[in-house]
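In this text, all values refer to a predicted model and were calculated from it rather than measured experimentally.
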Amino acid sequence: MALRTLASKKALSLALGGGSRPLAAAAAARGGATTVSLPDLPYDFGALEPAISGEIMRLHHQKHHATYVANYNKALEQLDAAVSKGDASAVVQLQGAIKFNGGGHVNHSIFWKNLKPISEGGGEPPHGKLGWAIDEHFGSFEALVKKMNAEGAALQGSGWVWLALDKEAKKLSVETTPNQDPLVTKGASFVPLLGIDVWEHAYYLQYKNVKPDYLNNIWKVMNWKYAGEVYENVHA
């Protein structure tokens with residue numbers, strides 16, 4: 001039991017970009033299961049307008065993310081019960097729910113940090129080490145934006161597009177993951193610097209089916225300071 005709980009903590013920590021920071025939603029031990037809670041947004045729901053409407057942010061955070069948290073915690077409780085009973089079939093069956101809802105929590109906890117109101121510096125291009133690395137690996141900041149937009153627009157169904165740092169190869173790359181798979185599913189060495197949610201719930205109320213418009217406008221509220229801090233912490 002202790003090993004399973006420890007593994008759960010470690011997996012969530014890695015998915016959030018390494019073990020040096022606590023989970024965005026504080027973990028608490030309850031009944032042997034490592035539960036998570038919905039993190040507060042660091043800004044008001046309407047603070048990202050007009051790029052992202054307050055209505056979308058409220059629903060996205062209060063309904064969608066909250067549902068991932070609730071379902072993840074429920075699945076962990078069911079897993080504890082299955083392990084206690086030695087029910088291997090139930091343990092295997094629960095892995096999908098744990099991955100989907102745990103991934104939804106991990107991904108959205110990163111996503112909220114990746115955004116920042118324009119009045120507080122959102123949208124300002126990256127500087128320092130991350131800015132230099134982007135120029136080195138993609139040719140220019142504009143080329144990176146174009147690549148991420150293209151990858152996000154081409155992603156069929158639901159998923160995420162990421163600016164990733166491979167900490168072993170010391171290389172930046174653009175990656176996509178389906179559904180709510182966190183970036184760590186592409187490899188344990190990948191650290192998420194920036195992730196864009198391309199599920200319809202992230203944009204449809206405002207942009208309808210014109211996903212490219214959403215992708216173009218989200219850069220106006222991107223928090224490159226946060227991405228730069230993650231990059232430098234990994235390189236420290």
Side-chain angles (χ1 to χ4, degrees), residues 13-24 39 41-44 47-52 57 106-155 159-177 181-198 202-203 207 211-236:
S13 180
L14 284 171
L16 280 166
S20 60
R21 293 172 176 266
L23 292 176
L41 291 181
Y43 36 74
D44 293 335
L48 304 180
E49 292 184 344
I52 305 176
M57 289 299 296
V106 167
N107 292 345
H108 284 86
S109 296
I110 296 169
F111 186 58
W112 309 135
K113 295 177 182 179
N114 284 158
L115 304 175
K116 195 171 189 177
I118 294 173
S119 62
E120 298 177 14
E124 294 181 2
H127 300 291
K129 293 180 180 179
L130 178 57
W132 300 331
I134 288 171
D135 288 344
E136 178 183 354
H137 290 101
F138 300 102
S140 67
F141 171 67
E142 292 74 18
L144 168 63
V145 170
K146 184 177 180 179
K147 182 173 178 60
M148 289 193 68
N149 283 357
E151 294 278 353
L155 188 62
W160 293 74
V161 58
W162 304 93
L163 173 60
L165 169 63
D166 185 332
K167 58 185 179 182
E168 291 183 359
K170 298 183 178 179
K171 180 180 178 181
L172 297 178
S173 65
V174 173
E175 305 289 337
T176 59
T177 55
D181 288 7
L183 183 61
V184 72
T185 59
K186 301 293 289 280
S189 65
F190 281 116
V191 176
L193 302 181
L194 183 152
I196 300 177
D197 188 349
V198 290
Y203 64 87
Y207 293 98
K211 183 164 57 172
D213 285 355
Y214 159 70
L215 291 168
N216 284 329
N217 285 327
I218 198 170
W219 298 101
K220 298 175 182 177
V221 290
M222 202 62 74
N223 185 0
W224 284 104
K225 181 179 179 181
Y226 170 78
E229 289 173 352
V230 175
Y231 179 84
E232 293 192 20
N233 285 338
V234 173
H235 273 269

Phe138 vs Val174, side-chain contact (heavy atoms from CB on, under 4.5 Å): CA-CA, chis, key distance, verdict: CA-CA 10 Å; Phe138 300 102; Val174 173; 3.9 Å; yes
Between [X] and [Y], which heavy-atom pair has the shortest distance, and what is it?
X	Y	value
Thr177	Thr185	CG2-OG1, 4.3 Å
Leu194	Ile196	CD2-CG1, 3.9 Å
Ala164	Leu183	CB-CD2, 3.6 Å
Lys186	Thr176	NZ-O, 3.1 Å
Pro117	Ala47	CB-O, 3.5 Å
Pro192	Ile110	CG-CD1, 3.6 Å

Aromatic ring proximity Trp160/Phe111, centre distance under 6.0 Å: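 Yes, they do, as the ring centres are separated by less than 6.0 Å.
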Ring centres under 6.0 angstrom apart (Trp224, Phe141):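 Yes, close enough.
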Donor-acceptor contact present, side-chain Asn114 to main-chain Asn223, <3.5 Å: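 Side chain of Asn114 to backbone of Asn223: no pair is present.
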Side-chain donor or acceptor of Asp197 paired with backbone N/O of Ala202 under 3.5 Å: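 Side chain of Asp197 to backbone of Ala202: no pair is present.
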Lys225 atom NZ, neighbour heavy-atom count above 12 within 6.0 Å: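 Open: at most 12 neighbouring heavy atoms sit under 6.0 Å from NZ of Lys225.
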Asn217 and Tyr207: side chain donor to acceptor below 3.5 Å: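 A pair is found: one side chain offers a donor N or O, the other an acceptor, under 3.5 Å apart.
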Evaluate the side-chain proximity of [Y] to [X]: yes if any heavy-atom separation is below 4.5 Å, no if none is.
X	Y	value
Leu172	Leu193	yes
Met57	Leu41	yes
Leu165	Phe190	no
Val221	Ile118	yes
Glu175	Val161	no

Of all pairs that satisfy side chain to side chain donor-acceptor pair (under 3.5 Å), the ones with a partner from residues 133-152, not counting sequence neighbours: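 Passing the test, one end in residues 133-152: Asn149-Asn216, Asn149-Trp219.
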From CA spacing to verdict: side-chain contact (heavy atoms from CB on, under 4.5 Å), His127, Trp132: CA-CA 7 Å; His127 300 291; Trp132 300 331; over 6 Å; no
side-chain contact (heavy atoms from CB on, under 4.5 Å) between Leu115 and Tyr43, intermediate numbers included: CA-CA 9 Å; Leu115 304 175; Tyr43 36 74; 3.5 Å; yes
